[in-house]
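In what follows, a structure is listed as structure tokens, so that the remarks can point back to it.
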Amino acid sequence: MLTEDEIVDAVAQALTGLGLVASSQETGGGINCVVLVRNDGGEIVWGTADVTWGAAISDADGEYLSAIETTCPSDSQDISAIAEALFAPSVKNGAVVAQG
């Protein structure tokens with residue numbers, strides 16, 4: 001069984017493998033999130049604070065823009081399924097796709 005930290009790290013690696021610019025970060029209070037860079041310089045910050053994976057989207061100034069919800073359960077241990085669930089909404093909301 002993976003810990004929440006291990007899941008977040010593995011999901012960030014899986015999204016990077018799918019071509020996104022992704023990392024895992026501690027956002028404070030022991031909360032770890034998957035952070036994606038947006039084309040406008042902002043971020044998409046994915047986490048498991050609710051029953052499903054969700055994200056907050058911010059602009060380059062760190063101002064909150066909107067949120068994304070998925071149907072992917074936050075207690076899932078299936079890294080590929082999580083990465084797949086986060087990929088399309090991330091791209092739709094401006095995540096940087098690595099060139100190459």
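Please read all numbers here as calculations on a predicted model, not as lab measurements.
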For residues 36-57, the side chain to side chain donor-acceptor pair (under 3.5 Å) pairs (sequence neighbours left out) are E4-T48, R38-D40, W46-S90
With sequence neighbours left out, the residues meeting side chain to side chain contact (heavy atoms under 4.5 Å, CB included) with D9 are S24
Scanning both residues in full, the closest heavy-atom pair of L36 with A22 reads CD2-CB, 3.1 Å
Besides I31, the hydrophobic cluster formed by Ile, Leu, Val, Met, Phe, Trp and Tyr side chains linked at under 4.5 Å, directly or via other members, contains none
Residues P89 and I68: closest non-hydrogen pair is CB-CG2, 3.8 Å
(Q) Taking A85's backbone N and O only, do any of them form a donor-acceptor pair with T70's side chain (distance below 3.5 Å, no angle check)? (A) no
Between the SG atom in C33 and the CD1 atom in I44, the distance rounded to the nearest 0.5 Å is 13.0 Å
In short, salt bridge (charged side-chain N to carboxylate O under 4.0 Å, His left out) pairs touching residues 83-97 with sequence neighbours left out are none
Residue set satisfying side chain to side chain contact (heavy atoms under 4.5 Å, CB included) with L2, at least two apart, ordered chain then number -> E6, I7, Q77, I79
Using a 4.5 Å side-chain heavy-atom cut-off and chaining through intermediate ILVMFWY residues, the residues clustered with V21 come out as V37, V96
For V91, the side chain to side chain contact (heavy atoms under 4.5 Å, CB included) test, sequence neighbours excluded, returns L20, F87, V97
For residues 54-64, please give each side-chain donor-acceptor pair under 3.5 Å, one per line with the distance, not counting sequence neighbours.
| unit_1 | atom_1 | unit_2 | atom_2 | d |
| --- | --- | --- | --- | --- |
| D59 | OD1 | D61 | N | 2.9 |
| D59 | OD1 | G62 | N | 3.1 |
| D59 | OD1 | E63 | N | 2.9 |
| Y64 | OH | A67 | N | 3.3 |

